[in-house]
2 protein chains.
Amino acid sequence: MKQFTKHTVKNSLKRIFLYRACLTRLKLLGVEKVYSYTLSDETGVTSDQVRKDFSEFGITGNKRGGYDVDELIDKMEKIFHRNKDHNLVLIGMGNLGTSLSRLKEIIDRFRVKVAIIAVPEISAQEVTDELIQSGIKGIINFAPVLLKTPADVIVNNVNLCDELESVIYYVHNQMKSEGTKNLDLLYRGTKY
Amino acid sequence: MKQFTKHTVKNSLKRIFLYRACLTRLKLLGVEKVYSYTLSDETGVTSDQVRKDFSEFGITGNKRGGYDVDELIDKMEKIFHRNKDHNLVLIGMGNLGTSLSRLKEIIDRFRVKVAIIAVPEISAQEVTDELIQSGIKGIINFAPVLLKTPADVIVNNVNLCDELESVIYYVHNQMKSEGTKNLDLLYRGTKY
DNA sequence: TGTGTTTTGTGAATTGTTTCACATTATATC
DNA sequence: GATATAATGTGAAACAATTCACAAAACACA
């Protein structure tokens, strides 16, 4: 069966988030300069991979001199557009019934493009439809359902039960086969 | 730089979670039988991929007859070990100071193997060390730091800021280049 | 019971990602 | 300045995941 195109994240982008978190911590400790292997030590990503990722996002350093922490953070912020403001709406159980009709008004006024959905499973699709009608282009979805959306709307699913079960799965399997055959099925959640 | 082995989830396992969620919903609606394309429609995963995943986990159906929903759910529960009880500890800000010393006692008594860490960044590593000392083998970490753990302990990181930023990144980039060259950098969070 | 149709299950081909290997360049030292 | 060294940056190779394509099996119906 042919499939409509899905937008999938490049792992490299996920790792850029990781590097940034790490760099802000290092900066706090007074570190001013890092090398690809510094980030490797801190994040568990190979130094090769660090450089490859930087290469992909056009981040360059100094041969022999490594990378300037401030500069690196700055470039990453630019990648994430952190230097711009972004309004977003959060739709939770509290305001579900009453204020759904005001949604479009608010979204229009504040030019909101991103929404967080934290409503019960049963209402999630309805809320989503409303949001898309109002021009929302990105959704973080805490409801444990697959939202139906047009191709130009991105949905980022967060399902805490899955996170938990995946860990239980791992722990159980490791106990059972202790490093032998099933290891390739093991789980680490977010893969960096 | 050579890297120690990391445990990474097979995407197929993540998708099994997705299928299960979908199947329980269908069951609620009275559906008794599904085909690979049913699950494809519901989840957005191709039907080829569905069958390939089932094949990997030893799940079989009936040629021409599809899959029995109950049987499928049952097999998946077995994969996740849902039919067994699993105790877990949740360490939040509230009980951080006072009860940390009782942790080992509790973990021992209830044979806990999985912990959820929801403490501030600054305490996360300390708590982790304590947990590992007490025999914890799986951790879900809400603190935005990379925890240092032995190779046989699994850590599943959940970072809500990252989830948010990835969506903002996507929305911004799509606005700018509307479906042209940067599309391969787009983000969909959890990749199914 | 035989024939046509639908669906599974899985090797092979393709596509995507990570690792390797090394040319290139910046810095330090004499 | 010349030389040695340590780091980056990136094609090529290796590895992993997905899609394709089709044989095999089950069902429907005459």
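Here the structure is a predicted model, which is why all the values come from computation and not from measurement.
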When we call it a touch if two heavy atoms are under 4.0 Å apart, what does B/Tyr67 touch: a base, just sugar-phosphate, or nothing?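 The answer is sugar-phosphate, as B/Tyr67 gets under 4.0 Å only of primed atoms, P, OP1 or OP2.
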For the pair made of [atom1] in [X] and [atom2] in [N], what is the distance, rounded to whole Å?
X       : N      : atom1 : atom2 : result
B/Asp68 : D/dC27 : CG    : P     : 12 Å
B/Glu56 : C/dT10 : CD    : C1'   : 13 Å
A/Arg15 : C/dT18 : CZ    : C1'   : 8 Å
A/Asp48 : C/dT17 : CG    : P     : 17 Å
A/Lys52 : C/dG16 : NZ    : P     : 15 Å

B/Lys75 NZ: over 12 foreign heavy atoms closer than 6.0 Å: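 Yes, NZ of B/Lys75 has more than 12 neighbouring heavy atoms, counting only those of other groups under 6.0 Å.
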Counting only heavy atoms from other residues, nucleotides and ligands, does the tally under 6.0 Å from CD of A/Glu121 exceed 12?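 Buried by this count: over 12 neighbours within 6.0 Å.
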Name the atoms and distances for all side-chain donor-acceptor pairs under 3.5 Å in residues 62-73 of chain A, with sequence neighbours left out.
unit_1, atom_1, unit_2, atom_2, d
A/Asp68, OD2, A/Asp70, N, 3.3
A/Asp68, OD2, A/Glu71, N, 3.0
A/Asp70, OD1, A/Lys27, NZ, 2.6

Distance check: side-chain N/O of [X] vs OP1/OP2 of [N], anything under 4.0 Å?
X       : N      : result
B/Gln49 : D/dA17 : no
A/Arg51 : C/dT19 : no
B/Thr46 : D/dT19 : yes
B/Tyr35 : C/dT6  : no
A/Ser36 : D/dT8  : yes

State which of D/dT8, D/dC20, D/dG9 makes the closest approach to the side chain of A/Thr60. D/dG9
Who passes side chain to side chain donor-acceptor pair (under 3.5 Å) against A/Arg111, sequence neighbours left out?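 Not a single residue meets the side chain to side chain donor-acceptor pair (under 3.5 Å) criterion with A/Arg111.
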Restricting to side chain to side chain donor-acceptor pair (under 3.5 Å), what partner residues turn up for B/Ser36, sequence neighbours left out? B/Arg51
With sugar-phosphate taken as primed atoms, P, OP1 and OP2 and all else as base, the protein-contact string of nucleotides 23-30 of chain C at under 4.0 Å (heavy atoms; B, S, -) is -BBBB---
Going by ring pair (Phe, Tyr, Trp, His ring centres under 6.0 Å), name the pairs with one or both residues in residues 111-139 of chain A, residues two or more places apart or in two chains. none
Please list every donor-acceptor pair under 3.5 Å in which a side-chain atom of residues 125-132 of chain A meets a protein atom from a residue at least two apart or in another chain.
unit_1, atom_1, unit_2, atom_2, d
A/Gln125, OE1, A/Lys148, N, 2.9
A/Gln125, NE2, A/Asp129, OD1, 2.8
A/Gln125, NE2, A/Lys148, O, 3.2
A/Thr128, OG1, A/Ala124, O, 2.7

